[in-house]
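Here is the structure we will look at.
Labels below follow one simple rule: chain letters A, B, ... track the order of the sequence lines, proteins then strands, and each chain is numbered from 1.
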Number of protein chains: 2
Amino acid sequence: MAQAGTVDRILDTAEVLFAQKGFAETSLRAITSKAGVNLAAVNYHFGSKESLVQAVFERFLTPFCAALDAKLDEMEASGVPDTPENILGIMSRLVLGSHPEDPQRAAIFFRLSGQAYSQPQGHLREYLHQQYGAVFRRLQDHMQRAVPDVPPRELFWRVQFSLGATIFTLSGLESLKDISRNDFNMDVTEADITQRLLPFLVGGIKAPVPVI
Amino acid sequence: MAQAGTVDRILDTAEVLFAQKGFAETSLRAITSKAGVNLAAVNYHFGSKESLVQAVFERFLTPFCAALDAKLDEMEASGVPDTPENILGIMSRLVLGSHPEDPQRAAIFFRLSGQAYSQPQGHLREYLHQQYGAVFRRLQDHMQRAVPDVPPRELFWRVQFSLGATIFTLSGLESLKDISRNDFNMDVTEADITQRLLPFLVGGIKAPVPVI
DNA sequence: CATCGTTCAAAACATACGTTTCAAACATAC
DNA sequence: GTATGTTTGAAACGTATGTTTTGAACGATG
């Protein structure tokens, strides 16, 4: 099992480079040379570059969704009420605390998610939605109980808006950090942003529904 | 000036293909062959592929920002009060109505914006921010007057969140249309989304600021 | 009509990419 | 120790890319 080192080194390097430069802009040669493995190793272990991309996402999302499921179980068991604040709080604590040993990991997570969502063809997006749609729907159900006055169809879009605001902001955080440093003399971290995001999202989700 | 036809055919085709498949995934050969011009025409008229990308954005954003500036002038002159609803309403009407002869144009606009923002290296993002930062700041000033209780630094991020929710959602609208059709038996248009977006964004921007 | 700057077309160029090949190194089982 | 299946290493393959070159066609100017 000496190849385990190879496979993990490829995944570790690929996830960083994909987040930094995008999928198309990251060559297998860049990955393998930085990982210190042979060029052919990717095709040998993963079959193709596209499968590598999927593998990177699986290694990220499978544990994350499992943890989210567990947290939701815990929430239901302990009788914590369904409120937007509680649900979004669970999410943000999970994301920020998922890899406490490596704080940059959360940033990578969001950059990768942003890449996947803005991928024009969207086949990765659909793959993710079908692979992890169950957890997403469970989250949406809890949110529905939190704001029963918002019609389900309206809430669906509001959750999408929330996703957008979150991923979009945290995925492009590097540029925004510079702007905020120049314009407001303010240094900012991922945790700061999520703290500011929470009331914004709650306000949006609880907003009155216009009568059309 | 017979080349005007060539230049515009290139821009027309490039903007569609870029929106459909992304920058890196769209080759100059795909553009030129679909546009019915010679391969060398891009490098002759624009210098390089990267300059083509910038030219596509300039042709989009320069008139848009000019129109936005005019609308803000008009708003200030007519004494319409600064409220989040009014400001965001101007934006959405502007985006949706900017090319009434081609309703798909708005979708292309957002897909391109999403591409630019999620571009990992972010050099396009910075270019846009420095090129059109003035209008952005003006918009932000109006919003500040609309919600004077929100501290400027907080508002900066809330505007970013709003941008994220908007661009992110409307940039990936094709996939979301399918989901919403399957899960809610609901057909949806760009105008529908912006109508749902407005109260969400207003709720987020006006949300109470937590005491930290 | 001749000339000059501009635009177009076809071809070639150099390079980078994902992938495949094949033999050597390795680990494991008999 | 030999044989077998697995993993690595170096090289090559085929292809697609952005870019450059060269010369012809065109249109205005003198």
Side-chain angles (χ1 to χ4, degrees), chain A residues 1-59 112 115-116 118-124 127, chain B residues 1-59 112 115-116 118-124 127:
Chain A
M1 281 294 209
Q3 85 286 4
T6 301
V7 168
D8 280 338
R9 270 207 305 278
I10 291 175
L11 287 172
D12 287 339
T13 311
E15 103 182 352
V16 171
L17 291 182
F18 284 157
Q20 273 179 0
K21 318 179 66 168
F23 303 129
E25 293 81 359
T26 302
S27 69
L28 293 186
R29 284 170 174 82
I31 296 172
T32 52
S33 72
K34 189 174 181 191
V37 304
N38 191 269
L39 167 63
V42 169
N43 285 282
Y44 176 75
H45 287 287
F46 297 94
S48 69
K49 186 182 180 180
E50 190 174 317
S51 304
L52 207 215
V53 175
Q54 282 199 1
V56 167
F57 272 88
E58 272 185 34
R59 196 177 64 148
L112 284 177
Q115 296 274 332
S118 65
Q119 195 87 332
Q121 199 156 322
H123 72 305
L124 186 58
Y127 163 79
Chain B
M1 282 298 205
Q3 85 286 4
T6 301
V7 169
D8 281 338
R9 268 207 305 279
I10 291 175
L11 287 172
D12 287 339
T13 312
E15 103 183 352
V16 171
L17 290 183
F18 283 157
Q20 272 178 1
K21 318 178 66 167
F23 304 128
E25 293 81 359
T26 303
S27 69
L28 293 184
R29 283 169 175 80
I31 297 172
T32 52
S33 73
K34 189 173 181 193
V37 305
N38 190 268
L39 167 62
V42 170
N43 285 281
Y44 176 75
H45 288 287
F46 298 94
S48 67
K49 184 182 181 180
E50 189 173 318
S51 304
L52 207 215
V53 175
Q54 281 198 1
V56 167
F57 272 88
E58 272 185 33
R59 196 176 63 148
L112 284 177
Q115 297 274 333
S118 65
Q119 194 88 330
Q121 199 157 321
H123 72 304
L124 186 58
Y127 163 80

Practice task
Grab the CG-P distance between A:Leu52 and C:dC17 for me, whole Å please.
Solution key: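 After rounding, the reported distance stands at 15 Å.
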Completion exercise
A:Asp8 atom CG is separated from D:dT8 atom C1', nearest whole Å, by 17 Å
Completion exercise
Residue pairs passing the side-chain hydrogen bond (donor to acceptor under 3.5 Å, both in side chains) test with at least one member in residues 10-29 of chain B, sequence neighbours excluded, are B:Asp12-B:Arg59, B:Glu15-B:Arg59, B:Glu15-B:Arg105
Exercise for the section: Kindly write out the residues that satisfy side-chain hydrogen bond (donor to acceptor under 3.5 Å, both in side chains) with A:Glu50, not counting sequence neighbours, or none if the list is empty. Expected result: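 Once residues adjacent in sequence are excluded, A:Glu50 has no partner under the side-chain hydrogen bond (donor to acceptor under 3.5 Å, both in side chains) criterion.
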Practice task
Only counting residues at least two apart or in another chain, list the ones meeting side-chain hydrogen bond (donor to acceptor under 3.5 Å, both in side chains) with B:Ser33.
Solution key: none
Handout entry: Phosphate contact (C:dC8 OP1 or OP2) by B:Thr6 side-chain N/O below 4.0 Å
Key =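 So the side chain of B:Thr6 is within the cut-off, an N or O lying under 4.0 Å from OP1 or OP2 of C:dC8.
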Practice task
Look at B:His45 and C:dC8 and indicate whether a side-chain polar atom (N or O) is within less than 4.0 Å of OP1 or OP2.
Solution key: yes
Practice task
Tell me, please, which residues at least two apart from B:Ala14 pass side chain to side chain contact (heavy atoms under 4.5 Å, CB included).
Solution key: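 If we apply the side chain to side chain contact (heavy atoms under 4.5 Å, CB included) test to B:Ala14, skipping adjacent residues, the hits are B:Phe18, B:Ile31, B:Leu52, B:Val56.
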Exercise for the section: Kindly write out the residues that satisfy side chain to side chain contact (heavy atoms under 4.5 Å, CB included) with A:Ala41, not counting sequence neighbours, or none if the list is empty. Expected result: A:Thr6, A:Ile10, A:Val37, A:His45
Problem - Base versus backbone protein contacts along nucleotides 14-20 of chain D [heavy-atom cut-off under 4.0 Å; B, S, -] - result: ---BBBB
Problem - Nearest heavy atoms of A:Ser48 and A:Asn43, plus distance in Å - result: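 Heavy atoms of A:Ser48 and A:Asn43 come nearest at CA-OD1, 3.8 Å.
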Practice task
Work out which heavy atom in B:Phe23 is nearest to a heavy atom in B:Ala116; give both atom names and the distance.
Solution key: CE1-N, 4.3 Å
Fill in the blank from the handout: Taking Watson-Crick and G-U wobble contacts under 3.5 angstrom, with | marking pairs to another strand and [ ] crossing pairs, the secondary structure of DNA chain C is written ||||||||||||||||||||||||||||||
